[in-house]
Amino acid sequence: MDINILDHFDKNCVVFDIKPKSKKIILSSILDHLIEKKKIDSEKKKEILKVLLQREEMGSTAIGGHIALPHARISSIDNILVCFAISNAGVNFDSLDQEPVNIVALLISNQKEAGLHLKMLAFLARMLRDKYFVQQLKNTHTEEEVIALVAKQQQAIR
């Protein structure tokens, strides 16, 4: 199956300047942004946040290299949603390498989409393994720059 991240990601799914707070506050603020941009319904926030935090309790999704990949499968979500949150300063996400996280790539999908969820998660991890790409993402200032970089990186790893 050929994954196109741009089918699930647009300029409304980019959050800049996330603040170095707790994981819960960081994830909550990302969800607030997605609610504001009408990507998720406000009544689903509590459930999504709960599932994301339960996943974090199993082990941090901060995989090193300044990247975190929080993810959840929720029965009340219809489509796959990808969101990139960028912090120039870096945030504490209990990273495996003890380094601050600059890119939080959030993935939310429907409970029934286990296969596609895993493929998308693997694809995101593959994209974000490129240190140069991560550095470029960190230095973006507009949603359009992020979209262009993601599109370019997607083409490069196919």
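- A search for salt bridge (charged side-chain N to carboxylate O under 4.0 Å, His left out) contacts involving Lys19 returns Asp17, not counting sequence neighbours.
- Evaluation of the ring-ring contact (aromatic ring centres under 6.0 Å, His included) rule for His33 yields no partner, not counting sequence neighbours.
- In terms of hydrophobic clustering, with Ile, Leu, Val, Met, Phe, Trp and Tyr side chains grouped at heavy-atom distances under 4.5 Å, Leu6 and Val14 are assigned to a common cluster.
- Listed by chain and residue number, Asn4 satisfy the side chain to side chain donor-acceptor pair (under 3.5 Å) test with Gln154 (two or more places apart in sequence, or in another chain).
- Considering CD1 of Ile26 and NZ of Lys21, their distance stands at 9.5 Å, rounded to 0.5 Å.
- Listed by first and then second residue, the side chain to side chain donor-acceptor pair (under 3.5 Å) pairs that reach into residues 75-93 are Glu47-Ser76, sequence neighbours excluded.
- Note: Glu56 CD to Lys23 NZ = 3.5 Å, rounded to the nearest 0.5 Å.
- Within the 3.5 Å criterion, the main-chain N or O of Lys152 finds no donor-acceptor partner in the side chain of Gln155.
- Between the CG atom of Leu34 and the OG atom of Ser42 there is a distance of 12.5 Å, given to the nearest 0.5 Å.
- For residues 98-113, no pair satisfies salt bridge (Lys or Arg N to Asp or Glu O under 4.0 Å), with sequence neighbours left out.
- Ile86 contributes atom CD1, which lies 9.0 Å from atom CD of Glu143 (distance to the nearest 0.5 angstrom).
- In this structure Asp32 satisfies the salt bridge (charged side-chain N to carboxylate O under 4.0 Å, His left out) test together with Lys45, sequence neighbours excluded.
- Applying the ring-ring contact (aromatic ring centres under 6.0 Å, His included) rule to His8 yields no partners; only residues at least two apart in sequence or on another chain are considered.
- With sequence neighbours excluded, the residues that form a salt bridge (charged side-chain N to carboxylate O under 4.0 Å, His left out) with Lys44 are Asp41.
- Residues forming a side chain to side chain donor-acceptor pair (under 3.5 Å) with Gln135 (at least two apart in sequence, or on another chain): none.
- With a 4.5 Å cut-off between side-chain heavy atoms of Ile, Leu, Val, Met, Phe, Trp and Tyr, the cluster of Leu96 takes in none.
- The ring-ring contact (aromatic ring centres under 6.0 Å, His included) search around Phe93 returns none, not counting sequence neighbours.
- Evaluation of the salt bridge (charged side-chain N to carboxylate O under 4.0 Å, His left out) rule for Lys39 yields Asp10 as partners, not counting sequence neighbours.
- Atoms CD1 and CG, from Ile80 and Asp7 in turn, are 9.5 Å apart once rounded to the nearest 0.5 Å.
- Classification of the Phe84-Phe9 ring pair by plane angle, with boundaries at 30° and 60°, yields perpendicular.
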